[in-house]
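Every chain is numbered from 1, with letters handed out A, B, ... down the list of sequences. Not measured: the values here are computed from a predicted model.
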There are 2 protein chains.
Amino acid sequence: MNIGEVAERSGIPPKTIRYYEDIGLIRPQRSGNGYRAFRELDVHKLAFLGRARALGFSIEDCRTLLSLYEDESRESAQVKAIAEEHLTAIDEKITQLQSMRETLSHLIKSCHGDHRPDCPILSDLAGDPTVVRTVSSLANKAAK
Amino acid sequence: MNIGEVAERSGIPPKTIRYYEDIGLIRPQRSGNGYRAFRELDVHKLAFLGRARALGFSIEDCRTLLSLYEDESRESAQVKAIAEEHLTAIDEKITQLQSMRETLSHLIKSCHGDHRPDCPILSDLAGDPTVVRTVSSLANKAAK
DNA sequence: ATTGAGCCTCCAGTCACTGGAAGCCCTATA
DNA sequence: TATAGGGCTTCCAGTGACTGGAGGCTCAAT
């Protein structure tokens with residue numbers, strides 16, 4: 001199987017497949033003409049990677065998950081630990097984004113959005129404490 | 001004012017301040033010894049940038065926001081439009097993360113997390129449809 | 001005079017790809 | 001048989017927003 005067909009079947013673009021080989025996630029064989037020769041196993045691995053990436057796992061997590069998948073003496077606790085750590089990271093990101101969202105939507109609501117220059121969004125960014133006043137506390141959090 | 005004091009007062013690390021000068025966000029003057037010589041204006045701008053970044057605006061958005069801030073003939077609608085577009089992007093990210101979170105937490109719940117190798121998380125990543133079956137739909141979405 | 005902190009520039013690395021250039025290989029058609 | 005094209009190859013560079021480190025200059029205090 002050539003890279004094009006594998007890309008089609010796994011949903012991973014050719015460029016990315018080559019990249020994954022570069023960093024050692026897959027090791028396709030080679031044909032006499034220098035083309036990569038993929039087996040079913042490779043397609044399977046790539047699909048695995050695609051799903052893991054879609055869940056937001058880092059490449060290094062994917063590497064570990066793949067090696068656990070291939071390790072018949074693994075303990076499911078190892079996998080679960082990685083997943084739980086990742087879930088925690090996702091929760092933190094969500095919390096941070098929701099905090100931004102909160103502040104931003106308040107600011108947007110308070111802005112007329114017309115032809116006049118007066119703008120509470122800019123005033124707040126400029127540090128004017130007479131307006132909505134929620135961003136600087138956010139900035140403090142981000143700095144920590 | 002030297003860079004250290006400015007970093008302290010604005011909350012932006014020295015490295016980042018130099019970077020912001022590199023990309024033209026600020027233009028501090030120079031002393032005879034080659035040190036950057038910051039004025040109050042610069043500190044103010046850096047604090048502005050810090051707050052905008054804390055709200056998740058991209059550097060290019062920050063550049064535009066800063067120029068609007070300095071433009072007395074701006075229209076608040078221009079600022080509001082940028083903020084609204086950013087809010088939409090944040091909402092999309094939150095939605096995507098929540099979808100990951102959903103799937104991941106289901107998988108985690110279904111995994112015993114003990115010394116045995118059986119693991120629904122890995123089964124799902126491997127594409128086994130007999131298990132929880134939520135990731136592949138997620139992968140499809142991400143591919144689009 | 002020396003020490004140490006603070007400042008300078010420049011280069012490289014992060015993460016996970018993605019785009020593009022230059023060139024080889026394979027198949028089909030004229 | 002010549003050629004056109006599409007697919008494959010490698011290698012290099014760029015993305016965003018910094019961050020770390022090396023090597024070296026300046027300044028204030030001892």
Integer-rounded Å distance: D/dC8 C1' and A/E21 CD: 13 Å
Along DNA chain C (nearest heavy atom to each residue), the more 5'-positioned of B/K15 and B/G4: B/G4
d(CD1, A/I3; C1', D/dT9) in whole Å: 10 Å
Nearest to side-chain heavy atoms of A/R18, which nucleotide of D/dT10, C/dA16, C/dC26: D/dT10
Under 4.0 angstrom between A/R36 side-chain N/O and D/dT9 OP1 or OP2: yes
Gap between atom OH of B/Y35 and atom CD1 of B/I3 - 0.5 Å precision: 11.5 Å
Closest listed nucleotide, where the reference is the side chain of B/R30 and the choices are C/dT9, D/dG21, D/dC8: C/dT9
Whole-Å gap separating P (C/dA16) and CG (A/D61): 9 Å
A/S76 side chain vs B/R116 backbone, donor-acceptor pair below 3.5 Å: yes
Euclidean distance, atom CG of residue B/D22 to atom P of D/dA17 [Å, nearest integer]: 15 Å
Per B/I59 side chain, nearest of listed nucleotides C/dT18, D/dC8, D/dA17: D/dA17
Which residue lies more 5' along DNA chain C, comparing A/Y35 with A/P13 via nearest heavy atoms: A/P13
Expected output: side-chain A/R63 to main-chain A/S67 donor-acceptor under 3.5 Å: no
Separation of A/R101 CZ from B/I90 CD1 (nearest 0.5 Å): 8.5 Å
Sugar-phosphate only, base, or nothing, as touched by B/Y20 at under 4.0 Å among non-hydrogen atoms: sugar-phosphate
Rounded interatomic separation in angstrom, taking CG from B/N33 and P from C/dG6: 15 Å
Nearest-Å distance for atom pair CG/P, residues A/L25 and C/dC17: 9 Å
Residue met sooner reading DNA chain D from 5', once B/R53 and A/G34 are mapped to nucleotides: A/G34
Protein-nucleotide distance (B/L49, atom CG; D/dA17, atom P), rounded to Å: 12 Å
Between P of C/dT18 and CD1 of A/I23, the distance in whole Å: 12 Å
Salt bridge present between A/E21 and A/R18 (N-O < 4.0 angstrom): no
Nucleotide nearest A/T16 (side chain, heavy atoms from C-beta), chosen from C/dG20, C/dA16, C/dT18: C/dT18
